[in-house]
Amino acid sequence: MAANDGAMNEKNEVMALDIVVMAAGKGTRMKSKLPKVLHKLAGRSLLQHVLATAAALEADAIVAITGHGAELVEAAVAAPHLSFVRQEPQLGTGHAVQQAVPALHERGTTLILNGDVPLIETATARALVQACGGDKLALLTIELADPTGYGRILRGDPAGRSATEGGRVHGIVEHKDATPGQRAIREIYTGVMAAPTDRLKTWLAALNNDNSQGEFYLTDIVAMAVADGVHVVTAHPASEAEVLGVNSPAQLADLERRFQHKQAEALMEAGVRLADPARLDVRGELVCGSDVEIDVNCIFEGRVALGDGVRIGANCIVKNAVIAAGAVIHPFTHIDGDTLGVKVGAGSLIGPYARLRPGADLAEDVHIGNFVEVKNSTLARGAKANHLAYLGDTTVGERVNFGAGSITANYDGVNKHRTVIGADVQVGSNCVLVAPITVGDGATIGGGSTIAGNAPAGQLTVARAKQVTLPSWKRPVKTK
Ligand code: UD1
Ligand code: MG
């Protein structure tokens, strides 16, 4: 990792940005078997959020410190230039960063982030790295109305008796070790810092665990920096949400709502009309054209694109799908493109209560009505399946009308087979088309038919028992 051969690498050593992400903690208060940093916020793990920020900073090395559930954690996340270092046992934040030392460059800047503080903005982290400038110790701090539990920033008076506004920082004292006077300080350390890498290594080597918790505190390096004549500077996040950590399900839910609110605001800023910004969940990337309307309680997952004028009714779930201009998705529709994706053509009407599964590929002006399921099928322009139907592994021609209660039987218990329905076909109600089968252009399939052979173009094909009436039949009468 620490490359020191050749002129180019020498430059890298000076400029190198290394990012250490602390993610070894257990997260006892989550009361979960899952390691804390793998709990999800907006569809991706807390740690992955932090790694995405680290990646956006174009770090030369990202080192994640793992401990509890290390194998699970290491398998679940990814980022460029990411490596893992294990911390066993966990003896404090200073001890955690000590484990990363061999993976850091010789020189440059090291930024320390927390795996359970997911909403830190790239701009904030970048500003902190700039404040460090490669030779200062930069702390991300914020003033909180209730600073209980946090490390307090000591400024001005070396005895820490007053937090003089604007005074030089000379230390951080942990809440548990703080005097009543220090506890009154409202400026806290957020757990994020940027330090000159070479200095950091020296300070880490000098840490001790002589404190109320018997831990190696990373925060003790602040006093060491001051003693070494290194300036300690501070930067601040744009909002409190950026530095809030997740320790409990309640905090996780709180951050989820804050994150969703921010996404909703950005969508509205871009012109999307949300019926209620508090009732929207985007767990991935939602890209919208102009004049898009989204009713309440919709969930968007993965990558979803909505064209101009698309309307999404209440209570829809849409995952990995592209919905073209003017399409209307009526309430309670479930669209799940999974890995194959779903395409809905311009002007199509879907739902209410429709289900589009992976590989559903609908052209323009297709109508899919209530309780209709479409999987791995293409429907050409103007095709309709309006009620209670199943289309699986099917090619449907233009203007086809697929009747209520009709299905394609695509599975023989072992293999899947394809159904091909030509243009202008009318399939009556309650039909079973047993695949593999081809229905020619313009054919009509009589209602109630089970069709197991090809149906010729332009003709009526019907396969059901003839209707009979029994004139002598009498209803049974009740015996005593
Ligand atoms: C830390 C800071 C405190 C700051 C607060 C902000 C120290 C000594 N104190 O306190 O000043 O106000 O964060 O939230 O740094 N971790 C490990 N290995 C360990 C210990 C912790 O990986 O041995 C990880 C945790 O999983 C967590 C992060 O480091 O992601 C912070 O640890 P935590 O125990 O929450 O520190 P605090 O006591 O909150
Ligand atoms: Mg903490």
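In each ligand, atom 1 is the first atom listed, and ligand 1 is the first ligand listed.
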Testing the basics here: between Leu41 and His49, what is the closest heavy-atom pair and its distance to 0.1 Å? O-NE2, 2.7 Å
Ala24 versus ligand 1: do any nitrogen or oxygen atoms come within less than 3.5 Å of each other? yes
Does any non-hydrogen side-chain atom of Val310 lie less than 4.5 Å from one of Val328? no
Answer with yes or no whether Ile188 contacts ligand 1, where contact means a heavy atom under 4.0 Å from a ligand atom. no
I'd like to know if Gly92 contacts ligand 1, where contact means a heavy-atom distance under 4.0 Å to any ligand atom. yes
Indicate yes or no: does an N/O atom of Gly191 lie under 3.5 Å from an N/O atom of ligand 1? no
Between Ser348 (side chain only) and Gly345 (backbone N and O only), is there a donor and an acceptor less than 3.5 Å apart? yes
Less than 4.5 Å apart, side chain to side chain, heavy atoms only: is that true for Gln90 and His68? yes
Taking atom types as modelled and ignoring hydrogens, do the side chains of Asp177 and Asn211 form a donor-acceptor contact shorter than 3.5 angstrom? no
Once side-chain contact (heavy atoms from CB on, under 4.5 Å) is applied, do any residues pair with Leu340, and if so which ones, sequence neighbours excluded? Pro358
Below 4.0 angstrom from a heavy atom of Thr190, which ligand 1 atoms are there? Numbered from 1 as shown, please. 6 (C), 14 (O)
Polar atom proximity, Thr219 to ligand 1 (N or O, under 3.5 Å): no
On a heavy-atom basis, which atom in Asp281 and which in Glu256 lie closest, and how many Å separate them? OD2-OE2, 4.0 Å
Interfacing atoms of ligand 1 (cut-off 4.0 Å, heavy-atom, Asp116): 27 (C), 30 (O)
Using side chain to side chain donor-acceptor pair (under 3.5 Å), reason through Thr197 and Thr110 one step at a time and then give a plain yes or no. CA-CA 5 Å; Thr197 304; Thr110 296; 2.8 Å; yes
Using a 4.0 Å heavy-atom cut-off, say whether Asn114 meets ligand 1 through its side chain, its backbone, both or neither. side chain
Considering only heavy atoms of Ala96, which atoms of ligand 1 have at least one such atom less than 4.0 Å away? 17 (C), 18 (N), 22 (O)
Under 3.5 Å between any N/O of Leu218 and any N/O of ligand 1: does that happen in this structure? no
Counting both backbone and side chain atoms, is some N or O of Thr93 under 3.5 Å from an N or O of ligand 1? yes
Can you sort out which atoms of ligand 1 are near Gly25, meaning under 4.0 Å from one of its heavy atoms? 22 (O), 26 (O)
By number and element, which atoms of ligand 1 are closer than 4.0 Å to a non-hydrogen atom of Leu91? 23 (O)
Per-atom filter on ligand 1: closer than 4.0 angstrom to a heavy atom of Glu174 are 2 (C), 3 (C), 7 (C), 8 (C), 9 (N), 10 (O), 11 (O)
Purely on distance, is any nitrogen or oxygen of Gly151 under 3.5 Å from one on ligand 1? yes
Select one of side chain, backbone, both or neither to describe which atoms of Gln87 lie under 4.0 Å from any atom of ligand 1, heavy atoms only. side chain
Numbered atoms and elements of ligand 1 in range of Met22, under 4.0 angstrom, heavy atoms: 22 (O), 24 (C), 29 (O), 30 (O)
Any N/O pair Tyr217/ligand 1 closer than 3.5 Å: no
Hey, does Glu121 have a side-chain heavy atom less than 4.5 Å from the side chain of Pro237? no
Residue pair His105 / Lys201: nearest heavy atoms and the distance that separates them: O-NZ, 2.9 Å
Assess, by modelled atom type and distance only, whether the side chains of Ser32 and His39 contain a donor and an acceptor separated by less than 3.5 Å. yes
